[in-house]
Each structure stands twice: as C-alpha cells, then as structure tokens.
Amino acid sequence: DAGVIQSPRHEVTEMGQEVTLRCKPISGHNSLFWYRQTMMRGLELLIYFNNNVPIDDSGMPEDRFSAKMPNASFSTLKIQPSEPRDSAVYFCASSFFGTGAYEQYFGPGTRLTVT
Amino acid sequence: KNQVEQSPQSLIILEGKNCTLQCNYTVSPFSNLRWYKQDTGRGPVSLTIMTFSENTKSNGRYTATLDADTKQSSLHITASQLSDSASYICVVSSTSYDKVIFGPGTSLSVIP
C-alpha cells in the first residue's frame with residue numbers, strides 16, 4: 001500500500017486566496033483525521049471523519065476552514081480566504097476504527113505558506 | 001483540562017548511549033497512549049500503543065512503559081543510533097473514537 005497520500009506537498013499562496021488540500025487515506029480505513037502542526041502550538045486535531053461522516057470538527061479554527069469527505073478514498077481541507085496565520089504543515093491521517101487501540105497512519109503533510 | 005506534558009524539551013546524547021523520555025498526562029477518561037517518532041519534514045510514525053491494562057511494550061530498541069495510576073509514561077531508547085535523531089511525541093487518546101491529545105514533543109539529537 002502506498003500509505004496516506006497528500007497533495008500538494010508544498011503550497012505558497014497570497015493572503016485572501018483559496019487553498020485546497022487533498023488527502024487519499026489508506027484503502028480499507030474508515031477513519032480520517034486532519035491535523036495542523038506549527039512550532040508554537042504543535043500538532044492539533046482539526047476534524048475527524050468516520051465512514052465519511054464528520055464526527056468532531058471542534059478543532060476547526062473558524063468558518064474560513066471547511067473539510068469534506070465525499071467518499072472513502074478522498075478528503076479535502078479548504079481554507080477560504082487564507083491568512084498568513086494559517087501557515088503551517090497540515091497532516092492527514094487514517095486508521096481503521098474497530099475494537100481496541102488502532103494505529104493512525106500519517107501522510108507526509110502539506111506545507112502551507114500564506115504571504 | 002486534558003493535557004499532555006513531556007520532558008525534557010530537548011536532549012542531546014552520544015551515539016550508543018541509552019536515554020529515557022518522559023510523558024505525564026491529565027487526560028480523562030483514558031483510552032490509550034502512543035509514542036510517535038517524527039523525523040524532520042515527515043509525518044509522525046507510531047512506535048508503540050498501550051491501553052490501560054498494558055504497562056510495557058517494546059518495538060525493537062524502543063521500550064515504552066505506562067503507569068495508569070500516576071498517569072505517567074516513559075520511552076526508553078537503547079543503544080541509540082544517529083537515525084534516532086527526531087522529535088518524539090507522546091499522544092493520549094481520551095475517547096472511544098480515538099480523539100487524541102498531543103504532547104509538545106521531545107527533540108532528540110544523537111551525535112557521533
């Protein structure tokens with residue numbers, strides 16, 4: 001398996017522009033997570049999907065952020081309009097939610113720079 | 001408030017030496033505790049996952065311990081290698097759906 005795939009790997013955009021980050025989870029996984037990592041705040045959960053349904057979006061910073069999961073193999077995180085404070089590395093992770101403790105597999109991340 | 005704290009913040013050790021990283025948490029209810037390794041510019045990779053009933057788990061040269069009573073965990077690295085240089089993140093899950101709280105990480109540098 002190729003693991004969790006994210007695109008683009010790097011994104012540089014100007015303030016006010018729309019940014020769309022993409023994620024393809026591992027086949028067979030039913031849970032998907034979007035995280036943001038900054039030096040100041042470390043890793044933070046933004047939103048969690050289970051079986052394509054958003055379960056917890058309490059970490060989404062504000063209305064400028066939205067996430068969708070139209071099917072089991074694809075998710076997007078959109079920022080509109082983008083601001084310099086959104087600059088961070090955004091990780092997507094997937095896991096199989098069943099019984100017991102289950103491992104989350106992280107993608108390589110998208111480094112977003114908003115100028 | 002659910003929190004995860006780690007110490008030390010950073011650590012430098014000589015290649016071949018052992019080291020122990022600490023994690024304290026106040027997360028409740030507790031589901032499981034994980035240690036992740038994050039190389040620079042990469043996503044975190046899971047090293048160990050421990051549930052409430054487990055108090056030690058090994059993964060090669062990495063051994064994690066968990067004391068659920070004192071809410072403490074440690075990650076012991078044996079015979080360190082240069083490739084162990086990374087950030088080690090303690091992560092605690094508090095709910096059945098796997099919502100996780102991340103610690104700030106310990107930055108480990110292994111030098112020759």
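When reading the values below, keep in mind they use all heavy atoms of this one structure, side chains included, and skip hydrogens, waters and symmetry mates. In this text the structure is predicted, and so the values were computed from the model without any measurement. Reminder, nothing fancy here: chain letters follow the sequence lines and each chain counts from 1.
Within the 4.5 angstrom heavy-atom criterion, no atom of B:Ile101 approaches chain A. With a 4.5 Å cut-off on non-hydrogen atoms, A:Gln6 does not touch chain B at all. Within the 4.5 angstrom heavy-atom criterion, atoms from both the backbone and the side chain of B:Pro44 approach chain A.
For the atom pair OH (A:Tyr90) and OG1 (A:Thr110), the distance works out to 10.0 Å, reported to the nearest 0.5 Å.
Residues A:Ser31 and A:Asn50 have side chains that bring a donor and an acceptor to within less than 3.5 angstrom of each other. A:Thr113 and A:Ser87 are not linked by any side-chain donor-acceptor pair at a separation below 3.5 angstrom, with hydrogens and angles left out of the test.
Cluster annotation: A:Ile79 and A:Val114 are assigned to the same hydrophobic cluster (Ile/Leu/Val/Met/Phe/Trp/Tyr, side-chain heavy-atom contacts under 4.5 Å, transitive).
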